[in-house]
Amino acid sequence: MQTLTRDHIVRWITHLAAVLEENKDYLTQLDAAIGDADHGINMDRGFKKVLSQLPSVQDKDIGTILKTVGMALISSVGGAGGPLYGTLFMRAGMAVGSKYELTAEDLVAMWRAAVEGVIQRGRAQLGDKTMVDALLPAVEAMQQALAEGGDIVAILQAGVDAAEKGRDATIPLVARKGRASYLGERSAGHLDPGATSSHLLLKTLLDVVTE
Amino acid sequence: MKKLINSPETFVKESMEGMVLAHPDILKAHFDPNFLYRADAPVPGKVAVISGGGSGHEPMHGGFVGKGMLDAACPGEVFTSPTPDQMLEAARTVNSGAGVLFLVKNYSGDVMNFEMAADLARAEGIRVLNILIDDDVAVKDSLYTQGRRGTGTTVLAEKIVGAAAERGYDLKRLADLARRVNINGRSMGMALTSCTVPAKGSPTFELGEDEIEIGIGIHGEPGRERIPWKPADEITEMLALSIIEDPAYTRVVREFDEEKGEWVDVELTDPPFQPGDRVIAMVNGMGGTPIAELYVVYRKLHFIAEAKGLKIVRNLIGNYITSLEMQGVMITLLRVDDEMVELWDDPVLTPALRWGI
C-alpha cells in the first residue's frame, strides 16, 4: 500500500472509539493500580465526543479531521490524557495540513510531529513509565522501516511492534511523571495505562489499513 | 456504593446548580463548558483570579468564588482536572481587561490543562499568568516524581491573593504574592478511611479497620507510610513535625515569562520554618471527619507550635479542601508577614468563607 486515504483516517477514528469503549474497564483497572482509576473512563468519554463531531468534518481534509479530533479530546478528556492525546492529534493534523491522502513519508512525519508534541507538553522522557515509552520507539521503528523502503503497512507494522515492546517494557519501570510517580518503587510491576492506550492507537490504524 | 447523588454523570452539574440556587447573590454558573463565577464579574479594573481542579474537594474551589476571593472556579469531573475550554471561557467571562491569574495545584493534569488554557487565552489577547501551588511535604523528592502536590496552601492562597486582587494589585504583583504564599506554606494530611469516586463505585484504595495512611494525597494517592492507628496527639505530632522540620525544598517549576513571551523554568526554594515565625494554621477535615475531632488535633498543634517557637496568629478549622467522604485530617502552616495577615483579615463573601462583610 502506497497511500493512506482520508477514508482510512475516518475509519481509524471511528474504530478507535469502539476499541477504547471495549477497553474502558481494562484501561481503568490498569490506572487503578498505579494512578487514579479514570484513564479508560476519560478516553471513552473523549472519543464519544469525537464521534459526535466527526460527521461534520469527515468530508474535509485529513488535517482538519485530526485537528477536530484533537480539540474534542482537549475539551472532554481532562486529566493528563486530555492535553496529551489532544496535542498528539492537533500536531498530527498540523503536520499533514490540507492533504487528502498521505504517502509513507507523510505518515512518518505526522507521527513524529505528534509524538514530539506529546513530549513537549508532558515533559516526559523515555523510561519515565508513560505513553512516551510506547510512542517514541514506535516512531523510531517507523522511520527505520521507511528508510528500508517499506510501504504503509510495513511501516505501521514496525510501529505497532515497537509500541507493543515499549508498552510491555513499562512493567518493571518506576514511574517518574504523573500521579503514579508518588508510588515510587511500588509503581514497578504494573503496565502503564498511557503506554497501553498509545499502543491501541497505532494497532487500530494498522488493523484498519489491513482489514 | 451509597451516595446522595442521582447519577454519577449528572453529579457535578447538579451540585453546581444547587450552589447557584442557594447563593444567587454571590455566584452564577456557566454550563458547557462548566464554571462558577462571581455574580458581579467582571469587576472593573480588577485582576481576575481563577482556580479549578477535579471535583470532590468541596468547598474548594467553587465555594470560594465571591467578593474577596475567586472570580471563577472550573470544576472537572470528580478527581479529574478540568479542561482548557473551561478556563478559557471563564477567563473571557471574568477578565476586566486587567488580566487573569490562574492558581494551579501541582498535578500533571491540572498543570497541562491550565497551561493550554493560558496559551489559548493569550492568543485572544488576554493577559494570563499561572502560579503553581505545591506544598505537600509528604512528597520528599521532586527529581523522580511530579513534585509536591498542591493541597491546603491552595485555600489560604486563594483567600490572600483574592483579597489583594480586590485591593487593586496588578497582575505581576499579584503573581509575585501568590508565589510568595506558596513557598511559605506547607501541608501534610492523613486518612482514617478511603473514599469512593461516584463513576467508579468502589473505594479508591483499601485501608484496614485499624490502619491509617500518613501523608495521603487529596485524591487518595499513597503517602509516606501505612501504619496501625494511633491516638490523635501522636498523629498530630507526626504531621506537624513533618511540616515544621521540613528542610529547605528546591524544585523547578514552569511559569510564563511575559517579556520573553514564552514558558520558562523557574527555580524556587521553600525556606524552612524558624523559631519566631508567625503562621496561619489550618486544620482541615478531609470530608468525613467530625469537627470535634479537628479541634482535638488543633489542641495538640497549638502546643507543638508553641514548643517550636511558632506563633499561630490566625487559624482556620473545618472542611475546606476535602476528598469526598474520606475521614482524616490535613494540617497546613503558612508563614506570614504583616501584608499577608492584613490580606487574610480583609472582607470575604463566598459560600464557604465569609467575614468582615
Side-chain angles (χ1 to χ4, degrees), chain A residues 24-25 28-29 31-46 48-49 70-87 90 117-118 120-125 127-131 173-187 194, chain B residues 8-9 32-33 53-55 74-86 88-89 107-117 119-120 136 138-149 196-197 199-205 215-217 219-224 252 254 263 265:
Chain A
K24 176 176 157 181
D25 291 339
T28 298
Q29 273 167 24
D31 196 20
I34 57 170
D36 51 2
D38 64 1
H39 187 53
I41 297 167
N42 290 348
M43 292 302 284
D44 181 50
R45 184 176 57 243
K48 290 224 157 63
K49 173 98 176 262
M71 276 313 290
L73 294 178
I74 285 169
S75 66
S76 64
V77 176
L84 293 170
Y85 278 111
T87 300
M90 292 286 284
V118 169
Q120 241 171 46
R121 181 59 66 190
R123 283 164 273 177
Q125 295 172 342
D128 283 351
K129 199 180 182 95
T130 71
M131 54 197 278
L173 294 176
V174 172
R176 293 186 176 191
K177 284 281 170 191
R179 225 165 265 180
S181 68
Y182 300 122
L183 284 161
E185 299 291 334
R186 282 187 275 174
S187 64
Chain B
E9 289 74 29
D32 201 18
S55 292
C74 305
E77 295 295 322
V78 173
F79 293 177
T80 297
S81 85
T83 55
D85 54 319
Q86 291 175 261
L88 175 62
E89 191 59 37
Y107 298 94
S108 47
D110 291 61
V111 171
M112 283 187 256
N113 281 290
F114 272 89
E115 282 181 3
M116 290 189 93
D119 287 341
L120 293 168
D136 184 356
V139 180
K140 281 187 169 156
D141 81 78
S142 66
L143 197 57
Y144 299 114
T145 68
Q146 182 66 29
R148 288 186 172 176
R149 305 173 285 225
T196 297
V197 174
K200 182 161 178 270
S202 56
T204 301
F205 59 97
I216 193 88
H219 311 91
E221 306 95 320
R224 284 190 184 174
V252 171
R254 189 145 75 165
W263 293 96
D265 286 341

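In the text below, chain A, chain B and the rest are named by the order of the sequence lines, each starting its count at 1.
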Participant: Do B:M112 and A:L84 have side chains that get closer than 4.5 Å, going by heavy atoms?
Facilitator: yes
Participant: Shorter than 4.5 Å, heavy atoms on both sides: which option in B:D85, B:D110, B:T204 has the most such pairs with chain A?
Facilitator: B:D85
Participant: Could you look at A:V174 and say if it's the side chain, the backbone, both or neither that has a heavy atom under 4.5 Å from chain B?
Facilitator: neither
Participant: Is chain B contacted by the side chain of A:S76, its backbone, both, or neither, given a heavy-atom distance below 4.5 Å?
Facilitator: backbone
Participant: For A:S75 and A:K49, run side chain to side chain donor-acceptor pair (under 3.5 Å): C-alpha distance rounded to whole Å, both residues' side-chain angles, the deciding distance at 0.1 Å, then the answer.
Facilitator: CA-CA 9 Å; A:S75 66; A:K49 173 98 176 262; 3.0 Å; yes
Participant: Between A:N42 and A:R45, is any pair of side-chain heavy atoms under 4.5 Å apart?
Facilitator: yes
Participant: Side chain, backbone, both or neither: which part of B:T80 has a heavy atom under 4.5 Å from chain A?
Facilitator: both
Participant: Donor-acceptor pair, distance only, cut-off 3.5 Å: does the side chain of A:D44 make one with the backbone of A:G40?
Facilitator: no
Participant: Would you mind checking which part of B:D119 comes under 4.5 Å of any heavy atom in chain A, side chain (CB onward), backbone (N, CA, C, O), both or neither?
Facilitator: side chain
Participant: Is it the side chain or the backbone of B:V197 that comes within 4.5 Å of chain A heavy atoms, both, or neither?
Facilitator: neither
Participant: Identify which of B:E221, B:K200, B:Q86 forms the greatest number of heavy-atom pairs closer than 4.5 Å to chain A.
Facilitator: B:E221
Participant: Please identify, among B:V111, B:T83, B:L88, the residue contributing the most non-hydrogen atom pairs under 4.5 Å to chain A.
Facilitator: B:T83
Participant: Between B:E115 and A:R121, is there a side-chain heavy-atom distance shorter than 4.5 Å?
Facilitator: yes
Participant: Quick one: does A:Y85's side chain have a donor or acceptor within less than 3.5 Å of a partner on A:I74's backbone?
Facilitator: no
